[in-house]
S.K.: 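Sending over a structure as C-alpha cells; questions will come in a sec.
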Amino acid sequence: VTLERGEAFFRVAKDPARPFIVKVGTTTVAAVGTAFNVRRAGERVVVGVAEGTVKVDVQAHQQRTVVRTARLTVGQQLSIDGADGSASIQVVDPSGDAAWREGLRQYRNEPLRSVVADLTRYAARDIVIAKPQVAELRITGTVFASDVDSWLQSLETALPVRVVRAPDGSALLESR
C-alpha cells in the first residue's frame, strides 16, 4: 500500500511469509500480525502501534539507502520529520492511534506546519503560516476535526501567534 497523504489504520493477519508493507514517501512500514496507524501530513510521517510490532525503515531522499530503522511495539509512536531529518519515538496510549476515526486529531510535540498541513483537510478555510519561525513552533493537543475554527481561536492562547482573518476568509498565522 502507498499512502500519499492523510491517515490510515491497518489491522493485519499474521503471516510471516507475507509481510504487509506501507510506503509513505521515503519511509517503509512492514508488519506481520499487528494493528497500526500511519499518518502523513506534509513531510511528516507518524507511525503508532496498537497491537504487535512493526519495523520502520527510513531512506535518504533520492536514494535507496536505509538511513534509519526502528522496531516499534504496542504504545510506541515514531515521528519522522522529512524537512529536517529528525525522528523520535514516544510512548503513547495505543487507543489514541485511531482517535481520528472518531473525529479527533491528536498531536504530540509536533511542529505547527505539520499540524496545519493535517488540519487543512478538515478546515472550512485555508490556513496559512506567515513565517518559517512560526511554522516550527511545537504543539501538543487534541482538535475536533469538525471544529478547526475553535482550535484556531485557542492558538492565540497556547502559542505566541496571532490569527488574522484575510478578506478571502483564510486564516493567517503570524508571530506576536
S.K.: Would you compute the distance between atom CZ of R71 and atom CG of L78 and round it to the nearest 0.5 angstrom?
M.R.: 13.5 Å
S.K.: Work out which heavy atom in V12 is nearest to a heavy atom in A31; give both atom names and the distance.
M.R.: CG1-O, 4.4 Å
S.K.: Would you find more than 12 non-hydrogen atoms of other residues, nucleotides or ligands less than 6.0 Å from R5 atom CZ?
M.R.: no
S.K.: Should the heavy atoms of other residues, nucleotides or ligands under 6.0 Å from NZ of K131 be counted, would the total exceed 12?
M.R.: no
S.K.: Regarding E110 and R44, does a basic nitrogen lie under 4.0 Å from an acidic carboxylate oxygen?
M.R.: yes
S.K.: Are V29 and F20 linked, directly or through intermediate hydrophobic residues, by side-chain heavy-atom contacts shorter than 4.5 Å (ILVMFWY only)?
M.R.: yes
S.K.: More than 12 non-hydrogen atoms from neighbouring residues, nucleotides or ligands closer than 6.0 Å to CD on E4, yes or no?
M.R.: no
S.K.: Given N109 and Q90, is the side-chain contact (heavy atoms from CB on, under 4.5 Å) satisfied, shown in steps?
M.R.: CA-CA 10 Å; N109 194 31; Q90 299 173 332; 4.0 Å; yes
S.K.: Please report the interatomic distance CZ(R40) to CD1(I80), rounded to the nearest 0.5 Å.
M.R.: 10.5 Å
S.K.: Using the test side chain to side chain contact (heavy atoms under 4.5 Å, CB included), find all partners of S86 that sit at least two apart in sequence or belong to another chain.
M.R.: D81, D84
S.K.: Could you check whether F9 and F36 have their ring centres less than 6.0 Å apart?
M.R.: no
S.K.: Going from CZ on R39 to CG on L3, what distance comes out if it is rounded to the nearest 0.5 angstrom?
M.R.: 11.0 Å
S.K.: If I take atom CH2 from residue W151 and atom OG1 from residue T142, how far apart are they, to the nearest 0.5 angstrom?
M.R.: 12.5 Å
S.K.: Honestly curious: do I89 and V45 fall in one hydrophobic cluster under the side-chain, below-4.5 Å linking rule?
M.R.: yes
S.K.: Decide, yes or no, whether a salt bridge links R105 with D118 under the criterion of side-chain N to carboxylate O below 4.0 Å.
M.R.: yes
S.K.: Is there a continuous path of hydrophobic side-chain contacts, each under 4.5 Å between heavy atoms, that joins V92 to I139?
M.R.: no
S.K.: Provide the closest heavy-atom pair for A41 versus A117 in the form atom of the first, atom of the second, distance.
M.R.: C-CB, 4.0 Å
S.K.: Measuring from T69:OG1 to K55:NZ, what's the distance to the nearest 0.5 Å?
M.R.: 5.5 Å
S.K.: Taking a hydrophobic cluster as the set of Ile, Leu, Val, Met, Phe, Trp and Tyr residues connected by side-chain heavy atoms closer than 4.5 Å, whether directly or through intermediates, do L137 and V163 fall within one such cluster?
M.R.: yes
S.K.: Where do V47 and L72 come nearest, in terms of heavy atoms and distance?
M.R.: O-CD1, 3.8 Å
S.K.: Report the residues that fulfil side-chain hydrogen bond (donor to acceptor under 3.5 Å, both in side chains) with D15, sequence neighbours left out, ordered by chain and then residue number.
M.R.: none
S.K.: Give the C-alpha distance, both sets of side-chain angles, the deciding distance and a yes or no for side-chain contact (heavy atoms from CB on, under 4.5 Å) between I129 and R113.
M.R.: CA-CA 7 Å; I129 299 175; R113 66 179 152 72; 4.2 Å; yes
S.K.: How far does OG of S114 sit from CG of L112, to the nearest 0.5 angstrom?
M.R.: 9.0 Å
S.K.: Throw together a table of side-chain donor-acceptor distances under 3.5 angstrom for residues 168-176, partners on residues two or more places apart or in other chains.
M.R.:
unit_1, atom_1, unit_2, atom_2, d
D168, OD1, S170, N, 2.9
D168, OD1, S170, OG, 2.7
E174, OE1, R162, NH2, 2.3
R176, NE, V161, O, 3.1
R176, NH2, E156, O, 2.7
R176, NH2, L159, O, 2.5

S.K.: Consider only side-chain heavy atoms of I, L, V, M, F, W and Y, link residues closer than 4.5 Å, and tell whether F10 and V24 are in one cluster.
M.R.: yes
S.K.: Cut-off 3.5 Å, side chains only: do D57 and T28 have a donor facing an acceptor?
M.R.: no
S.K.: Can you name the nearest heavy-atom pair linking P111 to E136, along with the distance?
M.R.: CB-OE1, 4.3 Å
S.K.: Run V22 and V54 through side-chain contact (heavy atoms from CB on, under 4.5 Å) and show every step you take.
M.R.: CA-CA 11 Å; V22 179; V54 299; over 6 Å; no
S.K.: List the steps and the verdict of side-chain contact (heavy atoms from CB on, under 4.5 Å) for L119 and Y107.
M.R.: CA-CA 11 Å; L119 288 176; Y107 308 99; 3.3 Å; yes
S.K.: Can you confirm whether L152 sits close enough to R165 that some side-chain heavy atom of one is under 4.5 Å from a side-chain heavy atom of the other?
M.R.: yes
